[in-house]
> 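My questions will all concern the structure given below.
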Amino acid sequence: MTDKLRVRILQVLIGVVLLAVWEFGSRIPGMAKFPLFDPFVVSSPIQVAQALQRLFFQENFGKHVLLTLAATGAALAVGIALGFVMAFVSFNTPLIRRLTEPFLQFFNTMPRVVIAPYLLMAFGTGFMPRVLMATSFIFFLVYFNVLYGLSRMQPAHRRQVRVLSGGRLDELFTLQIPIGFAWMIRAFPHAVAYGFVGTVFQEFVGGDSGVGSVMIYGLNALNSATVMATVVTLSFLGWALFWLGSRVGEAFAPWRRELGV
Amino acid sequence: MKKTPSPKLPVLPLQLLIILLVGLYWQYGLVDTHLFSRPSLIEPRLVELWNGAVGLPPLWRQVAETLGATIAGLAAGILLGFLLGVVFAEFPLLRDASAPYLNAINAVPRVAWVPVLTMVFGFGLLTKVIMSGLIVFLVVFFNVLDAATHAPPLLLRNVVVLGGGRWASMRDVRMWAGLGALLASLPSAVALALVGVVFAESLAAESGLGALMFNAMHTGDARDLMISATLLALIGVVMTGSVQFLQRLLAARLPPDIAGDRHD
Amino acid sequence: MTPPTATMLGFPILLSGVRKIFNTHAGNSVVAIDDVSLEIEAGSFVVLVGPSGCGKSTLLNCVAGLDRVDAGRVTVNGQPVTDKVTPGISYLFQQDTLFPWYTVEKNIALGLRYAGLMDDAESQKRIDHLLEVVDLKGVRKAYPSELSGGMRRRVALCAALVMQPRVLLMDEPFSALDTFTKASIQQYLLKLWDELRPTVLFVTHDLEEAVTLADRVIVFSRRPAVIKDDLKVELPRPRNVYAVKDSPVFLSDYQRTWRALRDEFESEMPSP
């Protein structure tokens, strides 16, 4: 039996066992006392499947999913653009960099989730606060990664530009931007993942729509099937987004390897 | 970066000036007090909260609870993540078979675990620790697994040649490779541990700084909101900052290949 | 250190009709070694030379049991080689395999630890003695990163010898060192070998090194490797690495080895 086949069989086996325990665990006498096996609390695969069907086909869940995705996408666009540009400004203007460094470090290391209440109170429960929350995650990630990449630029390459009579603009376009771009690509899947977290969290805290809000609605109604259904949906979306982000990154792969990124 | 030959303009006074100006504006400027309150209003409330205002546990205890949950979650997540990371790296069958499930769990945006955990474990301290531990585990585990799997193949071969088995591989090679990744990811782990606790407290927990903050949000109390938010921010910055400082200290004193060089 | 007795001599090694084929990623098969037969005397120092990539390292791997032969037999001390590395065989690789997170003494003691021999007072004496012979007593508690390349190789040498192996396999261990560091570590190697007398199979592409160290030099062709020449080196033992280079015997042995290899490359050499 080849290794690959063995792995596949084991994977399927594990999956089957997990599903079986989830579905039937509560029926083992005595187990239902533990909240982990109480079907009221954790639901069951069949109920979750039913809940998913209900959500998508009867309760317009798809609209919520699209909203969450749209907010994440918008945040990506804004966050990446801002982070990218700021990193270049910082790198090329040492004064600005030194001036802003402690402030940016502070906002980077503080738990950014504390701005959620402010976003809610200032902007309400709509689209905007979600985008802002997600952007805050994405901006810092991109900013620090691109800045780091630029700071690791080889002096030998810089000298080469000078030797070939290139000026600062030449260095910017032929050296800095490709490097910055490669590092941004490297951070991209993580930016997507964190942006997604930010969006969902804001929906949690106070959103009138989106997957996060549906989850809260399910929780408030003590409907564990709905809650688990949204978890499953989020898992799938999260995986899909990260995978997409990685594919985009792969498209520039060979070139990145040279840089050691 | 230090390519400017000209004498550096001192930025510290400028930065302090900025902070001072912001502070002054906050107190005297055109600020939405419903959102941000003012220092003069906050100060008495802070004193009041510290020893226990009406219906609320003392602030210092709330701080302790949040901090305690963070540290507990951090410790649990690191321990479990490190151990499993090294073991899974040594037994590829285990790693490959469980990969899809672990990846599925990892793909869920962390905050989504809160409702599930709350349903199972309730609104108390346990949920916070588990939430925090789960997030830390996921980060540490995957980083350690990656590093331990890609441990220097020459050294692994050397272990075989010297007559060592699986246990020797893990103890003499993979563990150290994993240690490097662990140290490199420590600041993120610390920050995430705190965030995990705040996530858990966001759903109407009874106590803790995060609970205070979100309750304040619901009641529209700008003072409590500012106090709890600031405390959380300070805790986060101090914790992450100290870990980064520790990291730099260790990096200088430990043999290389342990200090790690990740940047995420 | 107790002087070697007959029972502590190295194992004899026998290769007969050995053939080794590799399958490349593209699906082709490459014959690395083609029908090689060798009889290696117990306790002798045998050097294998040949062009890069000709399969000499593969031969070592076959003796160690790290690679399996496709035809022929390999026996060590009369026992056929299996998939498990035969106890009593030490292998020193070209690349640096010191564990960066362990000190010099811990690195040397690793083999002892795996064999469960750590607590023995005898083991500590062994480590002491090895470090003394290679003049590294002072850096016992240092980390590899604090040492120079030559010092690290000496430590690796000690680590390979601490188990008092009967067979010592060495794959271009000194090729990364500069001329004089190389000469001094060759001298250390010969000193240690003299005490323990394992059978040594030493692979190198440096002809000068081959003649300097060996009792017997075996010259291999390009891949697929076959034996082109097999000469006994009649230089005295114990050998002085620095002095031998002045000896006419050294020169004639060197030239013979060079000539054996020359026709492998004659057709490709650029005209002057």
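Letters A, B, ... mirror the listed sequences (proteins, then strands); counts begin at 1.
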> Please classify the contact of B:Val198 with chain A as side chain, backbone, both or neither, using a heavy-atom distance under 4.5 Å.
side chain
> So for A:Val231, is it side chain, backbone, both, or neither that comes closer than 4.5 Å to the heavy atoms of chain B?
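For A:Val231, backbone and side chain are both near chain B.
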> In terms of heavy-atom proximity below 4.5 Å to chain B, should A:Met228 be classed as side chain, backbone, both, or neither?
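The side chain, not the backbone.
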> Once you measure the plane-to-plane angle for A:Trp243 and A:Trp239, does it fall in the parallel (<30°), tilted (30-60°) or perpendicular (>60°) bin?
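A:Trp243 vs A:Trp239 ring planes: parallel.
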> Chain B heavy atoms under 4.5 Å from A:Ala122: which part of the residue, side chain, backbone, both or neither?
both
> For chain A, which candidate among B:Val195, B:Leu225, B:Leu234 shows the most heavy-atom pairs at distances under 4.5 Å?
B:Leu225
> Got a second to check how far B:Phe141's CZ is from B:Asp146's CG, nearest 0.5 Å?
11.0 Å
> B:Ala191, B:Ala104, B:Ser98, B:Pro92: which one forms the most heavy-atom pairs within less than 4.5 Å of chain A?
B:Ala104
> Under 3.5 Å, is there a donor-acceptor pair linking the side chains of A:Asn92 and A:Gln176?
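There is such a pair between these side chains.
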> Which answer fits B:Leu192, side chain, backbone, both or neither, if we ask what part of it has an atom under 4.5 Å from a heavy atom of chain A?
side chain
> How close do B:Thr127 and B:Phe123 get, heavy atom to heavy atom, and via which atoms?
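Smallest interatomic distance, heavy atoms only, reads OG1-N, 4.4 Å.
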> Under 4.5 Å heavy-atom distance to chain B, tell me which part of A:Leu234 shows up: side chain, backbone, both or neither.
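When you check distances to chain B, atoms from both the backbone and side chain of A:Leu234 fall under 4.5 Å.
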> State whether the number of non-hydrogen atoms from other residues, nucleotides or ligands found under 6.0 Å of A:Phe236 atom CZ is greater than 12.
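It does not: A:Phe236 CZ has 12 such atoms or fewer within range.
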> When the aromatic ring centroids of B:Phe199 and A:Phe204 are compared, is their separation below 6.0 Å?
no
> By side chain to side chain donor-acceptor pair (under 3.5 Å), which residues pair with A:Thr100, not counting sequence neighbours?
none
> Considering only heavy atoms and a distance below 4.5 Å, find which of A:Phe201, A:Phe103, A:Tyr194 pairs most often with chain B.
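Most pairs with chain B among the choices: A:Phe201.
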> Do the two ring centres, one from A:Phe140 and one from A:Phe107, sit under 6.0 Å apart?
no
> Given a strict heavy-atom distance threshold of 4.5 Å, which part of B:Leu35 is in contact with chain A: side chain, backbone, both, or neither?
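Both backbone and side chain.
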> Under a 3.5 Å threshold, yes or no: a donor from one side chain and an acceptor from the other, between A:Thr199 and A:Thr72?
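Yes.
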> Any idea which of B:Pro109, B:Gly241, B:Gly236 has the most non-hydrogen atom pairs under 4.5 angstrom with chain A?
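With the most close heavy-atom pairs to chain A, the winner is B:Pro109.
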> Answer with side chain, backbone, both or neither: which region of B:Met239 has an atom nearer than 4.5 Å to a non-hydrogen atom of chain A?
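For B:Met239, no heavy atom lies under 4.5 Å from chain A.
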> In terms of heavy-atom proximity below 4.5 Å to chain B, should A:Leu95 be classed as side chain, backbone, both, or neither?
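Both parts, backbone and side chain.
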> Tell me yes or no: between the side chains of B:Gln62 and B:Ser207, is some donor less than 3.5 Å from an acceptor?
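The answer is no; no qualifying pair exists.
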> Is the gap between the ring centers of A:Tyr118 and B:Phe36 under 6.0 Å?
yes
> Side chain, backbone, both or neither: which part of A:Leu18 has an atom under 4.5 Å from a heavy atom of chain B?
side chain
> Where does B:Ile18 contact chain A at under 4.5 Å (heavy atoms): side chain, backbone, both or neither?
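Looking at B:Ile18, just its side chain touches chain A.
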> Taking side chain as C-beta onward, heavy atoms only, is A:Val113 less than 4.5 Å from A:Pro111?
yes
> Out of A:Gly15, A:Gly238, A:Pro117, which one racks up the most heavy-atom pairs below 4.5 Å with chain B?
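Of the candidates given, the most pairs with chain B belong to A:Pro117.
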> Heavy-atom cut-off 4.5 Å, strictly under: side chain, backbone, both or neither for A:Ile216 against chain B?
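Just the side chain, heavy atoms under 4.5 Å.
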> Check each atom of A:Met215 against the heavy atoms of chain B and say whether the ones under 4.5 Å are side chain, backbone, both or neither.
side chain
> Name the option with the most non-hydrogen atom pairs under 4.5 Å to chain B; the candidates are A:Leu13, A:Leu99, A:Leu10.
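Highest number of heavy-atom pairs under 4.5 Å: A:Leu99.
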> Would you mind checking which part of B:Asn103 comes under 4.5 Å of any heavy atom in chain A, side chain (CB onward), backbone (N, CA, C, O), both or neither?
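Neither the backbone nor the side chain of B:Asn103 comes within 4.5 Å of chain A.
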